[in-house]
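To find a chain, count down the sequence lines: A is the first, B the second, and so on, and within it residues start at 1.
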Number of protein chains: 2
Amino acid sequence: MTDDIVASVVRQWQAVNPELDTGPMELIGRINRCAALLQQAEDAPLRAAGLTRAEFDLLGAVRRTDRELTPGELARETFSSGAAVTKRLRVLQERGLVDRRSDDRDRRVNHIRLTGQGRELVDTLLPRQLAYERAVLSGLDEQSRTRLSAQLSELLVQLEGRIGGGRR
Amino acid sequence: MTDDIVASVVRQWQAVNPELDTGPMELIGRINRCAALLQQAEDAPLRAAGLTRAEFDLLGAVRRTDRELTPGELARETFSSGAAVTKRLRVLQERGLVDRRSDDRDRRVNHIRLTGQGRELVDTLLPRQLAYERAVLSGLDEQSRTRLSAQLSELLVQLEGRIGGGRR
DNA sequence: AACAGGTGTTACACATGTAAAACATTTCTC
DNA sequence: GAGAAATGTTTTACATGTGTAACACCTGTT
């Protein structure tokens, strides 16, 4: 059994102060570190397409909901601030990937939709992205992956209730 | 069994394109989302002490290794760029939490150490931080946590080999 | 002595969040 | 009903934190 980085950090803390209950660190540290490595890996194929992950998330949100979304909805959907969404939308619009339509009833709101080009980009990019991710995860067999998913789902439900406040 | 956010996103994708193999998304999405929520939670007690998580990580690295570290070592230890470490060290030094000593042999390198105040801050803050994290994770019982830790460790070892390149 | 390589800092670009502003709508009050 | 106040939506202004790349400096080698 090999040691991961978190285990060695925990060992350092124990050596310095054996009283510490490092239990939470072992779990949270591993989640954070896995997330950092995975996010770094995920960036590679997107950069090849000239997109940041945040931009891709935004496009994906419009694509998967399959309807027009307002900037506010996009902010909630992608867990980012309204200001960040505004900026991203501007560059995506300049690149011809999204389009706006203003509401007839309420002139405050816009409706964002994908252009044909934007939709095509997501539809070619997402399978490629998923294939890449599958390769990154290939060190774990199917069973380990689903088991891990299920346990993280349990944790995630707890955290959403305790911290996130829920969305929508 | 309640649905988490990732499950609902996956369902949206399946509705739009049933061909998609969303397997990787379910695992990676959950890891990323858990990490985001946990990091947000972790920030709260640190902000109360006037520190960012990055600053606390840096102080913690010096404390747990129990020796003086160079800025370069700190950058590797905290997985951030040299420039970021330089900036952080400047503000931590201005606040009197760290101290520098220049090497006698090699005048390029500095050795960073905690001041008494810095060490005291870490030593009071870390247990508080761990207690807070324990509370956040209290939705899962001991057994679930250790099982999850172990499985993530397995994944992490794979990822470190595949992506991270290892450290030290 | 020149140079190849390593170490830390600075300069710059950029993405993000918070807070304020700009604008539209709805509701309340008289 | 008309005007005022409250509410909602998006954008803009500003501050901040980060990474890349250029820079300055030092060492050891040839």
One character per nucleotide, please: for nucleotides 9-24 of chain C, 5' to 3', B when the base has a protein heavy atom closer than 4.0 Å, S when only the sugar-phosphate does, - otherwise. BB-----BBB-----B

Leu51(B) atom CG is separated from dT16(D) atom P, nearest whole Å, by 16 Å

Distance, rounded to the nearest Å, where Arg101(B) contributes CZ and dT7(C) contributes C1': 16 Å

Whole angstrom value for the distance that separates P of dT11(D) from CD1 of Ile112(A): 7 Å

Apply salt bridge (Lys or Arg N to Asp or Glu O under 4.0 Å) to the pair Arg64(A) and Glu77(A), showing each step before the final yes or no. CA-CA 11 Å; Arg64(A) 70 169 194 264; Glu77(A) 202 72 28; 2.8 Å; yes

Backbone N or O of Ile5(B) within a donor-acceptor pair of the Glu160(A) side chain at under 3.5 Å? yes

Quick one: salt bridge (Lys or Arg N to Asp or Glu O under 4.0 Å) partners of Asp99(A), sequence neighbours excluded? Arg113(A)

Over its full length, what angle do the end axes of the helix from dA1(C)-dT30(D) to dC30(C)-dG1(D) make, each axis taken from five pairs and the result rounded to 10 degrees? 10°

With sequence neighbours excluded, residues passing side-chain contact (heavy atoms from CB on, under 4.5 Å) with Pro127(A): Leu20(B)

Which residues pass the side chain to side chain donor-acceptor pair (under 3.5 Å) test with Thr52(B), sequence neighbours left out? Glu55(B)

For Glu26(A), check side-chain contact (heavy atoms from CB on, under 4.5 Å) against everything at least two apart and list the hits. Val10(A), Thr22(A), Arg30(A), Ser149(B)

Output all residues satisfying salt bridge (Lys or Arg N to Asp or Glu O under 4.0 Å) with Glu73(B), sequence neighbours left out; order by chain, then residue number. Arg67(B)

Using side chain to side chain donor-acceptor pair (under 3.5 Å) as the criterion, list what pairs up with Asp103(A), not counting sequence neighbours. His111(A)

Rounded to the Å, how far apart are Asp57(B) CG and dT18(D) P? 10 Å

All pairs passing salt bridge (Lys or Arg N to Asp or Glu O under 4.0 Å) where residues 116-131 of chain A contributes a residue, at least two apart: Arg63(A)-Asp123(A), Arg119(A)-Asp123(A)

What pairs of nitrogen or oxygen atoms, one from the protein and one from nucleotides 4-6 of chain D, lie under 3.5 Å apart?
none

Provide, to the nearest angstrom, the distance between the CG atom belonging to Asp43(A) and the P atom belonging to dG19(D). 13 Å

Can you list the residues that meet the side chain to side chain donor-acceptor pair (under 3.5 Å) rule with Arg95(B), with sequence neighbours excluded? none

In this structure, how many angstroms lie between the C1' atom of dT7(C) and the NE2 atom of His111(B), rounded? 12 Å

Does Arg101(A) have any side chain to side chain donor-acceptor pair (under 3.5 Å) partners at least two apart in sequence or in another chain, and if so, which? Glu68(A)

